[in-house]
Peer 1: 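One structure follows; several queries about it will come next.
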Amino acid sequence: MRDAIGQVFALQIILAFVLLINGYMAYSVNYTRAFRVKNQIVNIIEQYEGPYNDEAIEKINSYIDKMAYEVPGRLTQDFLNDYPNASEKSCQNGWCYVGHEVKTTGGDGELNGKYYTVVTFVNIDIPVINNLVGLGQFLRVAGETRTIYE
């Protein structure tokens, strides 16, 4: 009887290890996808000097569709709730941005510019853990554009 209990315990340890490795691999793959999407969005916003151009939005959306990047709506809504005082913020198609005003003085006088914080999300949806712990901040991948002067 003692050997049967020992084997069940060893099997539980092996099973826990396999689940841990599989969870890490799933997170790694989804983090890489979110990171690539964020970098491409930053590049497109810098290229078109803002996320307002219809051509830029179309290019971003086609890239997101090509990467098969999908995010639950509650993650984007949590992000919008974290920036209640931001004058310029938006979430669409699984990515969000917040605009920040910048004023600098230099040899040419005062320059007005703007940079954008772009946030994508890692899509790991484990209902029990996400509801109890709230992994919203942990699942965000953020980056900033360079300052775009007017």
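Along the sequence shown, the residues carry numbers beginning at 1.
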Peer 1: Are Tyr63 and Arg36 close enough that some pair of their side-chain heavy atoms sits under 4.5 Å apart?
Peer 2: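 Yes, their side chains come closer than 4.5 Å.
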Peer 1: Closer than 3.5 angstrom, by distance alone: can the side chain of Glu46 be matched with the main-chain N or O of Arg146 as a donor-acceptor pair?
Peer 2: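 Pair found, side chain donor or acceptor close to backbone of Arg146.
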Peer 1: Within the distance-only criterion (no hydrogens, no angle test), does the side chain of Ser28 pair as donor or acceptor with the backbone N or O of Tyr24 below 3.5 angstrom?
Peer 2: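 No.
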Peer 1: Is a donor on one side and an acceptor on the other found under 3.5 Å between the side chain of Asn123 and the backbone of Glu70?
Peer 2: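 The answer is yes, because a donor-acceptor pair under 3.5 Å joins these two groups.
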Peer 1: Just checking, is any N or O donor in the side chain of Asn61 or Asn93 under 3.5 Å from an acceptor N or O on the other one?
Peer 2: yes
Peer 1: Tell me which one of Val37, Thr120, Val118, Thr117 satisfies side-chain contact (heavy atoms from CB on, under 4.5 Å) with Val42.
Peer 2: Val118
Peer 1: Test your reading of the model: is there a side-chain donor-acceptor pair from Lys89 to the backbone of Gly99, 3.5 Å cut-off?
Peer 2: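 Judged by distance alone, no pair lies under 3.5 Å.
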Peer 1: Taking the side chain as everything from C-beta on, heavy atoms only, tell me whether Lys59 gets closer than 4.5 Å to Gln47.
Peer 2: yes
Peer 1: Please walk me through it: do Gln92 and Ile57 pass side chain to side chain contact (heavy atoms under 4.5 Å, CB included)?
Peer 2: CA-CA 10 Å; Gln92 50 196 345; Ile57 297 297; 3.4 Å; yes
Peer 1: Show, in sequence, the C-alpha distance, side-chain angles and deciding distance for Val102 and Thr104, and conclude whether the side chain to side chain contact (heavy atoms under 4.5 Å, CB included) test is met.
Peer 2: CA-CA 7 Å; Val102 176; Thr104 59; 3.8 Å; yes
Peer 1: Heavy-atom count check: over 12 atoms from other residues, nucleotides or ligands less than 6.0 Å from Asn81 CG?
Peer 2: yes
Peer 1: A side-chain contact here means heavy atoms from C-beta on lying under 4.5 Å apart; do Arg140 and Val122 qualify?
Peer 2: no
Peer 1: Would you kindly confirm whether Tyr115 and Val119 end up in one hydrophobic cluster when ILVMFWY residues are joined by side chain heavy atoms under 4.5 Å apart?
Peer 2: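 As far as the 4.5 Å side-chain criterion goes, Val119 and Tyr115 are not connected within one cluster.
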Peer 1: Using the rule that Ile, Leu, Val, Met, Phe, Trp and Tyr join whenever any side-chain heavy atoms are under 4.5 Å apart, tell me whether Phe35 and Ile41 fall into a single cluster.
Peer 2: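 Yes.
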Peer 1: Without hydrogens or angle criteria, can the side chains of Tyr116 and Glu144 be said to hold a donor-acceptor pair below 3.5 Å?
Peer 2: no
Peer 1: Is there a side-chain contact between Cys96 and Phe121 in this structure, where contact means two heavy atoms from C-beta onward sitting under 4.5 Å apart?
Peer 2: yes
